[in-house]
There are 2 protein chains.
Amino acid sequence: MNAKKVSLKDIALKAGVSTALVSYVLNGKEKETRVGQAIAQKIKEIARELNYQPNHLAKSLRSGKTHTIGLILADISNPFFANIARVVEDEAKKSGYTVIIGSSDEKADKAWDLLNVLITRQVDGFIIVSSEHSEPHIHYLKERNIPFVLLDRHFPDLQTDFVATNNYKASYDAGVHLAKGGYERIGIIAYKTDMYHMRERIRGYKQALQDHKFTFKNNWLKEVQFENIETEVKIAIDEMTSSKDPVDAIIFATYGLAINGLKYINELMLKVPSDLGIVSFGQAEVFDLYYCPITYLKQPLELLGMTAVEFLLKKLKNPEEGVKQILMEATLIARDSSMLKPT
Amino acid sequence: MNAKKVSLKDIALKAGVSTALVSYVLNGKEKETRVGQAIAQKIKEIARELNYQPNHLAKSLRSGKTHTIGLILADISNPFFANIARVVEDEAKKSGYTVIIGSSDEKADKAWDLLNVLITRQVDGFIIVSSEHSEPHIHYLKERNIPFVLLDRHFPDLQTDFVATNNYKASYDAGVHLAKGGYERIGIIAYKTDMYHMRERIRGYKQALQDHKFTFKNNWLKEVQFENIETEVKIAIDEMTSSKDPVDAIIFATYGLAINGLKYINELMLKVPSDLGIVSFGQAEVFDLYYCPITYLKQPLELLGMTAVEFLLKKLKNPEEGVKQILMEATLIARDSSMLKPT
């Protein structure tokens, strides 16, 4: 910002009054000084003329409250997070809070930069969709008593507030649903990550197989790297469909995996649901508009976002508030993509 | 932030040295004071032990540079903007800038709040996707010499830096393409707004009709409200397809309009491209994965985002830099949705 800053002194000089008086008037404290209304009016007009810009930053340094929430997303280009950002903003606005957003692209170092930039900017607290290896950030925030709520992903070994989906149960439901739909060789494509939400999705899937007496084959579980998703999803599908135990159905553990997978399934001219049954996590218009509407696990996006804001605002009001943790249930929305035989 | 802040004095007391010395050491100026390395080391260790957190905010108040860019989006839940945000972040990071994002939901008052929150947070400059009626924001930024670049949307009557798409040409191309594809009664669904980019899309469409000697009917142009998109798109399609001059093709002026339109076209069991030809603005996976792949106007998303960052960084280096304006061309990606007869 390159404009020469107009100071209280500039205004005082022009108005022919003291700097203290200008400060009182511009901070809305003219009553305390018995200053005449005409003078107050004059000071305000001069401030406007000179384009005086109050230094909110210095002000919030003193008050320690900025009514701003930092929202750190793992990936802004994922519609699930983009939509949850909108919910968080709407909900925060109802309580007079503005949300500033950063996206870490699933990279812990970028998340760390953002965290520091926003701490420096004096946000009152954070809502965070964590990326892998970002546990130290949690420790950092806790040590400094900076209020935060984890959203969508959490670390089971760390005692923090969080609002997330019961991913184990959701994935279990997907497996059971495909088994009931007539599929017997069900695979899953997930991300290669230690993140708990992803481990839970794999665990739920395996449990569903076990409960249906299907013997899990190593070839049915593929873990691909986020950075290399397009190529690796193709390889995964090739391997899953061409082995001696080819899958007849695939669970996609995220929206991004599903999009890439469906494009490749089209290229291969595999028909959904007859050649391959599909259930996906995430939600997006594409699941409605695909030639064979896709069965998906609908996460309570609105409720997740709203509850995260609620938890954070409670914490801001009362820092001694106890730890709040919620796992919400996803709903399986059954469509044509997961029915091999009519049940 | 509720932690008792550790001050330089706390460290000085514990180290048994002066506060000034602590300040010198922690600001990396120990050479200027001839302080022994052992003492410097001790001071740094104590600072670490006590979790001393330097006040970056006060520091950036002095230096006037924060290496932070504010990105204001019109709608974060629109994948076009979410993806452009990712490009802007990546590009800014290459030059050591962090991006903080806000979304205005197409509302000028929300954009105004965000602008002020981010100015208060001392961002060095802005990249802005403007919402309707936000011209006063532009004047405000200009008066204060706050550097900014408009992205994707601009105001032709205001002299500002901008990076946008040639919307007139893109829409003209869509009309011509549909005419060549055999359609003769081409309609357009746009937003009801005075925003220039939308007026240009309508103007280009009309010009294409005129150049093909098609007489434009009022019923072929529908303008719906952003807040009421789902209902109004349905009404628009009902009216366009059931009048005495029913359309045989529709141009959707945005991605959001297309998604809502395609859902309703499916409900009505209208077949694309035989009952209705389709061309859409925006880009999204859904256009690839729809049963009939959708012809769309591919905006140079990466180039738009990268150029906006480039313009802003130039301005930050040299505030006297002249005004930079670029209109980039969209590319029509022809698919099955716009071919009634083979050409």
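Note on naming: letters A, B, ... go to the chains in the order of the sequence lines (proteins, then strands), and numbering restarts at 1 for each one.
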*Would you please test B:Ile76 and A:Ile101 for side-chain contact (heavy atoms from CB on, under 4.5 Å) and show each step?*
CA-CA 10 Å; B:Ile76 198 173; A:Ile101 305 167; 3.6 Å; yes
_side-chain contact (heavy atoms from CB on, under 4.5 Å) between A:Gln122 and B:Thr120, intermediate numbers included_ = CA-CA 10 Å; A:Gln122 307 274 17; B:Thr120 306; over 6 Å; no
_Audit row: B:Thr98, A:Leu114, side-chain contact (heavy atoms from CB on, under 4.5 Å) steps and yes/no_ = CA-CA 7 Å; B:Thr98 304; A:Leu114 281 166; 3.7 Å; yes
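Using a 3.5 Å distance cut-off with no hydrogens or angles, the side chains of B:Thr68 and A:Arg121 do pair a donor with an acceptor. No side-chain N or O of A:Glu285 forms a donor-acceptor pair with one of B:Tyr290 less than 3.5 Å apart.
A:Val99 touches chain B through its backbone: at least one of N, CA, C or O sits under 4.5 Å from a heavy atom, while the side chain does not. Neither the backbone nor the side chain of A:Asn78 comes within contact range of chain B, judged by heavy atoms closer than 4.5 Å. For A:Tyr255, the part sitting under 4.5 Å from any heavy atom of chain B is the side chain, from C-beta outward, and nothing else.
Counting heavy-atom pairs closer than 4.5 Å to chain B, the top residue among A:Ser103, A:Gly70, A:Gly102 is A:Ser103. Among A:Ile259, A:Ile84, A:Asn266, A:Asp113, the residue with the largest count of heavy-atom pairs under 4.5 Å with chain B is A:Ile259.
Within a 6.0 Å radius of CD in A:Glu302, no more than 12 heavy atoms belonging to other residues, nucleotides or ligands are found.
Using a 4.0 Å cut-off between charged side-chain N and carboxylate O, B:Lys93 and A:Asp105 make no salt bridge.
Counting only heavy atoms from C-beta outward, the side chains of B:Val117 and A:His67 never approach each other to under 4.5 Å.
For the atom pair NZ (A:Lys263) and CG (B:Leu289), the distance works out to 6.5 Å, reported to the nearest 0.5 Å.
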